[in-house]
Amino acid sequence: MWVIIFKSQNYDPIDKPNSLQDRKPFSFSKNKSGGLYTVDFFGQIKIVESKNTMPENIRSQLVTKGVQRAPNRAMLRAVGFEDSDFTKPIIGVANAYSTITPCNMGINDLAMRGMTGVKEAGGMPQIFGTITISDGISMGTEGMKYSLVSRDVIADSIETVCNGQTMDGVLAIGGCDKNMPGAMIAIARMNIPAIFVYGGTIKPGNYNGKDLTVVSAFEAVGEYSAGKIDEAELTAIERRACPGAGSCGGMFTANTMSSAFEAMGMSLMYSSTMAAEDAEKADSTEKSAHVLVEAIRKQILPRQIITRKAIENAISVIMAVGGSTNAVLHFLAIAHAADVELSIDDFETIRARVPVLCDLKPSGRYVTTNLHQAGGIPLVMKMLLEHDLLHPDALTITGKTIAEQLADVPSQPPANQDVIRPWDNPMYAQGHLAILKGNLATEGAVAKITGVKNPEITGPARVFESEEACLEAILAGKIQAGDIIVVRYEGPKGGPGMREMLAPTSAIIGAGLGDKVGLITDGRFSGGTYGMVVGHVAPEAAVGGAIALIKEGDMITIDAHKRLLQLNISDEELEKRREVWEPPTPRYTRGVLAKYAKLVSSSSVGAVTDSGLD
């Protein structure tokens, strides 16, 4: 509402109308300052100030205001509302707490601190749950098909609660991989004030003086199968890889997405690399709640933040830290939800100009807690900003721009560390996520080329119709140097759900074949994967993409320098094979996987489930 405050002003009586008929009606004319109005009301000329006192509970007053909402208020009183709370903004706390995975087991404590922060700042919090799938535990099983599906279930659940309860804002807290994009897709769709809080990274385990992550255990399986370690050492690594709460510790998918959200302005500075078990993580959560309440008062909306510039900033940081291939898939989906134009080719454009600055696992030496100690994402961002690789005017949830947020951050990494490299000595001169195209991927594919001496290989195809068959062959020693492994019918529709191939790729690394064997798939890779790997091949096999037409022994070329993924047969032969190809029978005809397979789009546009519905 607008409150009008009248102030007296002298006027000349000679101008006063002589009769009611001559008097002017009530009218306003806005001054240039935008804050004062001239009012002429029956000849009484006055100046008024206007003050915006729009209620903070813009949305939730629909269920809290008026006589007719007495039943609604009655139910809210039962969950702790008092008279004074019905004019406060109601803020959802989307809590992904779960003991399914260490990634999420500390989140409930953070949610409680978020609730406290909301109350302190003048809001009224309401907590609700959302789901998680543990990628690490479901990896290599049929359950992994539900991982990417869970991204959309999380998005739908947060949207359903926040809109169903007409909440004024949402503080979303997530840990495992799909929590982050799921929450952000919902935030972008709803466009109500929101902030994302990362549950925090796990601290590294240690064995024989080396830092461990869960990927260490996957790679140890390959080493054991290759006879490089014995069962006792495999068990010792297993027992030490995950020492407590927090998301997988390298620059894998969870830490990649949290870092990207910080760069995009939807999370607080420094928050994305904090350890889950450290006190600063809980303190940052409470501070995030205060920032969110202020954003509600100012009506800072997600789509003012999640712009093309902000997404480009996020992608630049993903390249600089050596982040996960999954970020390509997720940011295409986030952009779709925010109605921002973004294509898979934009990642290649940004890759070409951004160096890899951080020496982080999976292919590097350090974990995310080391990055935090070295200066965190703000230091990486400041280095990019200094070289005109970030948009300085992008808005953040604090109301400040990126440039304002980074004003006091040093532009050079500390000399006493080598987690973040100096600008003139990067890990790689260009980004590590290359977009490949060719007759095998006319829509595109994503290659992760860190840890590879020469990202180019031509070799015979070793074709597998499932991840399980592929892993069995690797562990049995049936894959040789120079082979190109093809794992197909694992795409969004074909899987369905685009399973991650961490078990096969880790087995390859463990066997010492990381830069000697290629692997292509219409499925995905874990953020813990590295080597000569190409995922997200589109069109996928299930819709008749060329990957479905490969025969055992066909020669395939992967060339990241030329951005090429090519099946080396003639166009005529390829067309002959296409003419006789028949689509497979759907693997699921009921339930969530069947629904997902029907709705999901190509991975080249983010594997979204609400495309083409208008």
**Report entry** H330 vs M180 side-chain heavy atoms within contact, under 4.5 Å
**Finding:** no

**Report entry** Heavy atoms from other residues, nucleotides or ligands near NZ of K228 exceed 12 (cutoff 6.0 Å)
**Finding:** yes

Query - Beyond-backbone contact of V487 with P504, side-chain heavy atoms, under 4.5 angstrom - result: no

Query raised in the report: Is there a donor-acceptor pair under 3.5 Å between the side chain of N104 and the backbone N or O of C176?
Result: yes

Report summary line: Between the CD1 atom in I202 and the SG atom in C103, the distance rounded to the nearest 0.5 Å is 7.5 Å

Requested in this report: In sequence, state the C-alpha distance, the side-chain angles, and the governing distance for E238 and V221, and then conclude on side chain to side chain contact (heavy atoms under 4.5 Å, CB included).
Outcome: CA-CA 10 Å; E238 172 193 328; V221 172; over 6 Å; no

Query raised in the report: Any sub-3.5 Å donor-acceptor pair from E262's side-chain atoms to S272's backbone N or O?
Result: yes

Query raised in the report: Going by heavy atoms in the side chains, are M269 and M381 under 4.5 Å from each other?
Result: yes

**Report entry** S603-H536 side chain donor-acceptor pair, cut-off 3.5 Å
**Finding:** no

Query raised in the report: Hey, is the main chain of G222 close enough, under 3.5 Å, to the side chain of S225 for a donor-acceptor pair?
Result: no

Query raised in the report: What is the minimum heavy-atom distance between S271 and S284, and which atoms define it?
Result: CB-OG, 3.5 Å

Query raised in the report: With a 4.5 Å heavy-atom cut-off, do F347 and L433 have their side chains touching?
Result: no

Requested in this report: Take R587 and K145 through the test side chain to side chain contact (heavy atoms under 4.5 Å, CB included) and record every step on the way to the result.
Outcome: CA-CA 11 Å; R587 290 171 170 167; K145 293 181 178 180; 3.9 Å; yes

**Report entry** Over all atoms of both residues, closest heavy-atom pair of M532 and V517
**Finding:** CB-O, 3.5 Å

Query - Evaluation steps, side chain to side chain contact (heavy atoms under 4.5 Å, CB included), between L519 and I484 - result: CA-CA 6 Å; L519 191 156; I484 307 289; over 6 Å; no

Requested in this report: Please lay out, stage by stage, how D418 and Y366 fare under the test side chain to side chain donor-acceptor pair (under 3.5 Å).
Outcome: CA-CA 9 Å; D418 55 358; Y366 296 106; 2.5 Å; yes

Requested in this report: Using a cut-off of 6.0 Å, state whether more than 12 heavy atoms not belonging to E120 lie near its atom CD.
Outcome: yes

Report summary line: Rounded to the nearest 0.5 Å, the OG1 atom of T130 sits from the NZ atom of K178 at a distance of 14.0 Å

Query - Least distance between heavy atoms, G510 atom then A226 atom - result: O-CB, 4.3 Å

Report summary line: For V317 and L384 the tightest heavy-atom approach is CG2-CD1, 3.9 Å

Query raised in the report: How about R239: does its CZ atom have over 12 heavy atoms from other parts shown lying under 6.0 Å from it?
Result: no

Report summary line: Rounding to 0.5 Å, atoms CD1 (I137) and CG (D135) come to a distance of 10.0 Å

Query raised in the report: Can you check whether G246's main-chain N or O pairs, donor with acceptor, with E277's side chain at less than 3.5 Å?
Result: no

Query raised in the report: When rounded to the nearest 0.5 angstrom, what is the spacing between OG in S288 and CG in L268?
Result: 3.5 Å

**Report entry** Any donor-acceptor N/O pair, K382 side chain to V409 backbone, under 3.5 Å
**Finding:** yes

Report task. State, with a plain yes or no, whether a side-chain heavy atom of L342 is found less than 4.5 Å away from one of I315. Result -> yes

Query - Between Y198 and N179, a side-chain donor and acceptor under 3.5 Å - result: no

Query raised in the report: Ion pair present between E468 and R499, side-chain N to carboxylate O less than 4.0 angstrom?
Result: yes

Query raised in the report: Salt bridge check: are K516 and D483 linked by an N-O gap of less than 4.0 Å?
Result: no

Requested in this report: Apply the side chain to side chain contact (heavy atoms under 4.5 Å, CB included) test between M498 and each candidate in D522, L329, T521, V600; give the one that qualifies.
Outcome: L329

Requested in this report: State, without any angle test, whether N326 and E500 hold a side-chain donor-acceptor pair at a distance under 3.5 Å.
Outcome: yes

Report summary line: In this structure, OG1 of T396 is separated from CD1 of I305 (nearest 0.5 Å) by 6.5 Å

Query - For F128 against G92, the heavy-atom pair lying closest together - result: CE2-CA, 4.0 Å

Report task. Return the minimal non-hydrogen interatomic distance between R113 and A282, and the atom names on each side. Result -> NH1-CB, 3.4 Å

Query raised in the report: Got a donor-acceptor contact below 3.5 angstrom from the D278 side chain to the E280 backbone?
Result: no

Query raised in the report: Taking S324 for the side chain and T256 for the main chain, is one N or O donor matched with an acceptor at less than 3.5 Å?
Result: no

Query raised in the report: Are the side chains of M112 and I127 in touch, meaning some heavy atoms are under 4.5 Å apart?
Result: yes

Query raised in the report: Has the side chain of S601 got a donor or acceptor atom that lies under 3.5 Å from a matching backbone atom of V608?
Result: yes

**Report entry** Atom pair OH (Y489) and CD1 (I547), whose distance is rounded to the nearest 0.5 Å
**Finding:** 9.5 Å

Query raised in the report: Please walk me through it: do M264 and N313 pass side chain to side chain contact (heavy atoms under 4.5 Å, CB included)?
Result: CA-CA 6 Å; M264 190 167 64; N313 285 349; over 6 Å; no

Query raised in the report: Is there a donor-acceptor pair closer than 3.5 Å between any side-chain N or O of N255 and the backbone N or O of C248?
Result: yes

Query raised in the report: Looking at side-chain heavy atoms only, is the closest gap between R524 and S147 below 4.5 Å?
Result: yes

Query raised in the report: Just by modelled atom types, is the K478 backbone N or O under 3.5 Å from a matching donor or acceptor in the R462 side chain?
Result: yes

Query raised in the report: Taking the side chain as C-beta and beyond, is there a heavy-atom pair between V170 and I91 under 4.5 Å?
Result: no

